Asker: 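I have a structure here, written as structure tokens, and I will follow up with some questions on it.
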Amino acid sequence: MLDSLFNIDCGYLEGLVRGFRNGILRQTDYLNLVQCETLDDLKLHLQSTDYGNFLANEPSPLQVSVIDDKLREKLVIEFQHLRNHAVEPLATFMDYITYGYMIDNIVLLITGALHQRPISELMPKCHPLGTFDQIEAINVANTSVELYNAVLVDTPLAEFFGECVSEQDLDELNIEIIRNTLYKAYLESFYNYCKGLGGTTADVMCPILAFEADRRAFIITVNSFGTELTKEDRAKLYPTCGRLYPDGLAALARADDPENVKQVAEFYTEYRALFEGAGNNPGEKTLEDKFFEYEVKLNVNAFMQQFHCGVFYSYLRLKEQECRNVVWIAECIAQKHRAKIDNYIPIL
Amino acid sequence: MSKWLIKGTLCGRNAAPFVITHPMSSLDDDLDELAVERLILLDDLLKNKQMLAEYMKTGFFNLGKARYSLGCHAVSALRIPETSIFASTKIQSNQEISNFGVKYTSRKISKTDGTKVGSTDEHLTDCGQRRQVEELADMDAHLEELEERANKEPINWFSALPPVCLRHAQSQFESALQLAAECASLQEKLAALNNRYSSLMAQ
């Protein structure tokens with residue numbers, strides 16, 4: 001019964017996103033792209049895909065950063081079109097998706113201000129999906145209290161800011177702590193919202209968000225070795241909506257080296273498989289690549305069911321992975337380092 | 001120094017061997033040894049340059065991998081501070097003498113202590129000026145503290161929790177720096193030996 005009601009408000013948009021999904025690059029497209037010798041060749045081959053002439057107005061020689069920006073631009077236009085036609089609860093769902101980009105933009109601007117970069121240089125680099133009013137006022141804040149009071153109190157991120165407020169000066173480590181604390185609160189809130197929606201949306205989105213939470217816990221732990229981040233501070237950054245909560249997170253908080261992290265993953269079947277064979281030696285896939293692969297699998301499977309909001313989230317994530325793939329291939333071409341050009345993650 | 005050694009007996013009597021040294025033989029030997037030394041140096045220089053190119057290539061590749069996971073704008077020139085950044089390493093040049101008495105300049109990389117020299121003004125008498133100077137000094141001290149923190153770990157410009165590939169890129173660039181200094185020293189030594197060789201050939 002609920003499935004048919006979904007179509008009243010969101011049937012057109014679901015049809016649209018499924019059409020967009022069919023335009024995702026396939027293996028044959030990637031095989032053409034990896035054979036390109038120059039970035040202009042890459043541009044030529046992308047013209048025959050859904051991207052069309054998106055690089056037509058860009059002057060030669062092309063740069064990888066320009067390709068990345070234009071790929072993102074196309075995705076943003078599609079997302080904004082879907083969002084403009086969405087009604088509740090899909091509208092709130094799609095707004096939740098944008099909060100992640102808002103957090104990234106805030107961190108980008110604060111870091112730029114810390115490094116004395118002018119705001120006019122930083123604004124074009126912000127993700128379009130994460131812009132909000134008063135975003136340019138961020139650079140006046142020197143502490144998180146000022147950041148909250150001056151800018152964030154009137155934004156949707158205000159509710160996530162509870163634990164970040166302090167009088168400490170904003171330096172690189174504090175900014176990273178703020179980023180991860182905000183993201184933890186955002187992810188838990190999004191998880192609870194999807195669970196509240198129930199039905200197929202909850203069935204599809206809760207495992208995806210749980211995996212995202214666990215991935216963040218693993219990556220934060222591995223990257224924190226050799227830095228000034230203490231174990232206690234690290235434990236506060238772990239989102240609690242994943243499968244690792246509570247025992248896995250407690251074990252990760254005590255970890256001292258990557259081997260300890262791997263031992264924690266041994267207790268979880270899916271994660272054990274990801275850690276096996278992951279490494280930094282030539283011929284091995286990195287842990288991050290394995291995580292990206294698993295995420296792609298979850299997001300592709302989201303399209304197996306109909307009449308739920310998860311397809312919008314999954315489409316966005318799959319297109320982001322596609323952008324990463326194309327940028328990776330472009331980097332390998334630009335650097336003439338073709339040995340690892342096939343290390344992209346196939347999607348369809 | 002090789003010598004022509006002529007042994008002989010005179011009139012059946014045992015005679016002590018006597019040595020005749022040709023004046024050109026020592027010059028030939030010097031030239032031979034210089035040539036061998038030049039070839040060895042050239043071989044070392046080529047190997048070092050090859051390793052330098054390899055480290056640079058792998059370093060930039062790892063930067064690309066870091067951009068793959070963190071995003072293009074996270075690992076870009078945008079993250080480098082606009083305020084004065086100072087080098088964490090410096091080049092030390094020393095005059096050295098090789099085996100053949102040839103002088104050349106060798107170069108080594110060493111860490112700097114990272115301190116900046118500030119200026120102080122002790123001759124102000126006016127209170128207002130002194131207060132202004134104190135405020136400026138506070139600001140300067142704050143800026144210096146920020147700069148010191150920024151320059152302590154440059155990798156933190158891109159992320160306070162840097163991924164493994166970014167750390168690998170940093171170590172590869174550090175190794176490339178050491179090799180660059182080594183190549184410069186070898187090139188200097190080779191140039192000095194070449195000059196010596198040319199001067200000996202002219203004799």
Side-chain angles (χ1 to χ4, degrees), chain A residues 64-65 67-69 72 104 107-108 111-112 114-118 121-122 124-127 169 171-177 179-180 219-229 234 237 258 280 286-289 291-292 320 323-325 327-328 330-332 334-337 339-340 343-344, chain B residues 53-86 138-173:
Chain A
V64 177
S65 57
I67 296 176
D68 181 55
D69 288 340
R72 180 183 305 138
D104 290 339
V107 169
L108 177 72
T111 310
L114 181 71
H115 295 155
Q116 314 290 317
R117 290 276 174 183
E121 199 179 331
L122 297 169
K125 306 297 179 188
C126 289
H127 199 293
D169 274 346
D171 62 10
E172 276 95 358
L173 186 62
N174 289 339
I175 291 170
E176 193 67 32
I177 290 174
R179 178 215 295 268
N180 286 293
I219 296 290
I220 286 169
T221 309
V222 169
N223 288 349
S224 68
F225 297 138
T227 68
E228 293 173 2
L229 189 67
R234 186 171 84 200
L237 305 181
N280 295 310
T286 64
L287 186 63
E288 282 168 353
D289 285 342
F291 282 142
F292 281 134
E320 282 185 342
C323 291
R324 276 196 290 272
N325 286 345
V327 166
W328 173 256
E331 283 268 12
C332 290
Q335 293 188 25
K336 296 185 177 17
H337 202 300
K340 299 278 183 79
N343 278 16
Y344 57 89
Chain B
E54 194 56 43
Y55 274 126
M56 290 294 288
K57 194 175 173 183
T58 322
F60 279 114
F61 186 73
N62 277 320
L63 276 186
K65 278 174 88 168
R67 275 191 285 271
Y68 179 82
S69 42
L70 295 176
C72 276
H73 297 309
V75 186
S76 68
L78 203 65
R79 295 288 188 148
I80 299 172
E82 279 258 306
T83 50
S84 59
I85 51 178
F86 41 88
D138 283 342
M139 274 173 58
D140 281 345
H142 181 65
L143 267 175
E144 272 190 31
E145 193 193 327
L146 281 177
E147 283 168 5
E148 269 183 41
R149 250 189 297 183
N151 283 277
K152 198 175 159 191
E153 277 292 342
I155 202 171
N156 288 347
W157 297 341
F158 307 102
S159 175
L161 300 177
V164 169
C165 43
L166 199 59
R167 297 184 207 208
H168 283 167
Q170 186 185 37
S171 70
Q172 274 149 4
F173 286 134

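Order of the sequence lines fixes the chain letters, A, B, ..., with proteins taken first and strands second; residue numbering starts at 1 for each chain. The structure presented is a predicted model; accordingly, all values stated were derived computationally and were not measured.
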Asker: Any chance you could measure A:E331, atom CD, to B:Y68, atom OH, to the nearest 0.5 Å?
Answerer: 12.0 Å
Asker: Return the SG to NE2 distance between A:C126 and B:H73, rounded to the nearest 0.5 Å.
Answerer: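 Interatomic distance, A:C126 SG to B:H73 NE2, rounded to 0.5 Å: 9.0 Å.
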Asker: When rounded to the nearest 0.5 angstrom, what distance separates CD in B:E153 from OG1 in A:T227?
Answerer: 10.0 Å
Asker: Tell me, side chain or backbone of A:S224 under 4.5 Å from chain B's heavy atoms, or both, or neither?
Answerer: both
Asker: Does any heavy atom of chain B fall under 4.5 Å from the side chain of A:F292, the backbone, both, or neither of them?
Answerer: side chain
Asker: Tell me, for A:L229 versus chain B, whether the close heavy atoms (under 4.5 Å) come from the side chain, the backbone, both or neither.
Answerer: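 Side chain only.
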Asker: Can you name the nearest heavy-atom pair linking B:A160 to A:E172, along with the distance?
Answerer: CB-O, 3.6 Å
Asker: Could you look at A:C323 and say if it's the side chain, the backbone, both or neither that has a heavy atom under 4.5 Å from chain B?
Answerer: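 Contact with chain B involves no heavy atom of A:C323 at all.
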Asker: B:I80 versus chain A, heavy atoms under 4.5 Å apart: side chain, backbone, both or neither?
Answerer: both
Asker: Taking side chain as everything from C-beta outward and backbone as N, CA, C, O, which of these in A:R72 sits under 4.5 Å from a heavy atom of chain B? Side chain, backbone, both or neither.
Answerer: side chain
Asker: Based on non-hydrogen pairs under 4.5 Å, which of A:R179, A:R117, A:R324 is most in contact with chain B?
Answerer: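 With the most close heavy-atom pairs to chain B, the winner is A:R117.
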Asker: Mind listing the closest non-hydrogen atom pair of A:Q335 and B:K57 along with its distance?
Answerer: OE1-O, 4.3 Å
Asker: Which atom pair, heavy atoms only, marks the closest approach of B:W157 to A:T111?
Answerer: O-CG2, 4.3 Å
Asker: Is A:T286 close to B:C165 at the side-chain level, that is, under 4.5 Å between some pair of heavy atoms?
Answerer: no
Asker: Using every non-hydrogen atom in the two residues, find where B:P163 and A:N223 come nearest and quote the distance to one decimal.
Answerer: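 For B:P163 versus A:N223, the nearest heavy atoms are CA-OD1, 3.5 Å.
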Asker: Write down the atom of B:S159, the atom of A:E176, and the distance for their closest heavy-atom approach.
Answerer: OG-OE1, 4.0 Å
Asker: Which one, A:V222, A:D68, A:N180, leads in non-hydrogen pairs under 4.5 Å with chain B?
Answerer: A:D68
Asker: Mind checking the CD-CG spacing from A:E288 to B:L70? Nearest 0.5 Å is all I need.
Answerer: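 Atom-to-atom, A:E288:CD and B:L70:CG are 7.0 Å apart.
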Asker: How about A:L287 and B:V164: do any of their side-chain heavy atoms sit closer than 4.5 Å?
Answerer: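 Contact flag for A:L287/B:V164 side chains = no.
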Asker: Where does A:D104 contact chain B at under 4.5 Å (heavy atoms): side chain, backbone, both or neither?
Answerer: neither
Asker: By a 4.5 Å heavy-atom criterion (distance strictly below it), what part of B:R79 contacts chain A: side chain, backbone, both, or neither?
Answerer: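 It is both, since atoms from each part get that close.
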Asker: Should we say atom CZ of B:F60 is surrounded by more than 12 heavy atoms from elsewhere, each under 6.0 Å from it?
Answerer: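 At most 12 heavy atoms, drawn from other residues, nucleotides or ligands, come within 6.0 Å of this atom.
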Asker: So for A:E121, is it side chain, backbone, both, or neither that comes closer than 4.5 Å to the heavy atoms of chain B?
Answerer: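 Contact with chain B: backbone and side chain both.
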Asker: Are the side chains of B:L78 and A:L108 in touch, meaning some heavy atoms are under 4.5 Å apart?
Answerer: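 In contact.
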Asker: Name the member of B:R167, B:H168, B:K65 that forms the most heavy-atom pairs with chain A at distances under 4.5 Å.
Answerer: B:R167
Asker: Of the non-hydrogen atoms in A:H337 and B:F61, which two are nearest, and what is the gap between them?
Answerer: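 Heavy atoms of A:H337 and B:F61 come nearest at CG-CD1, 3.5 Å.
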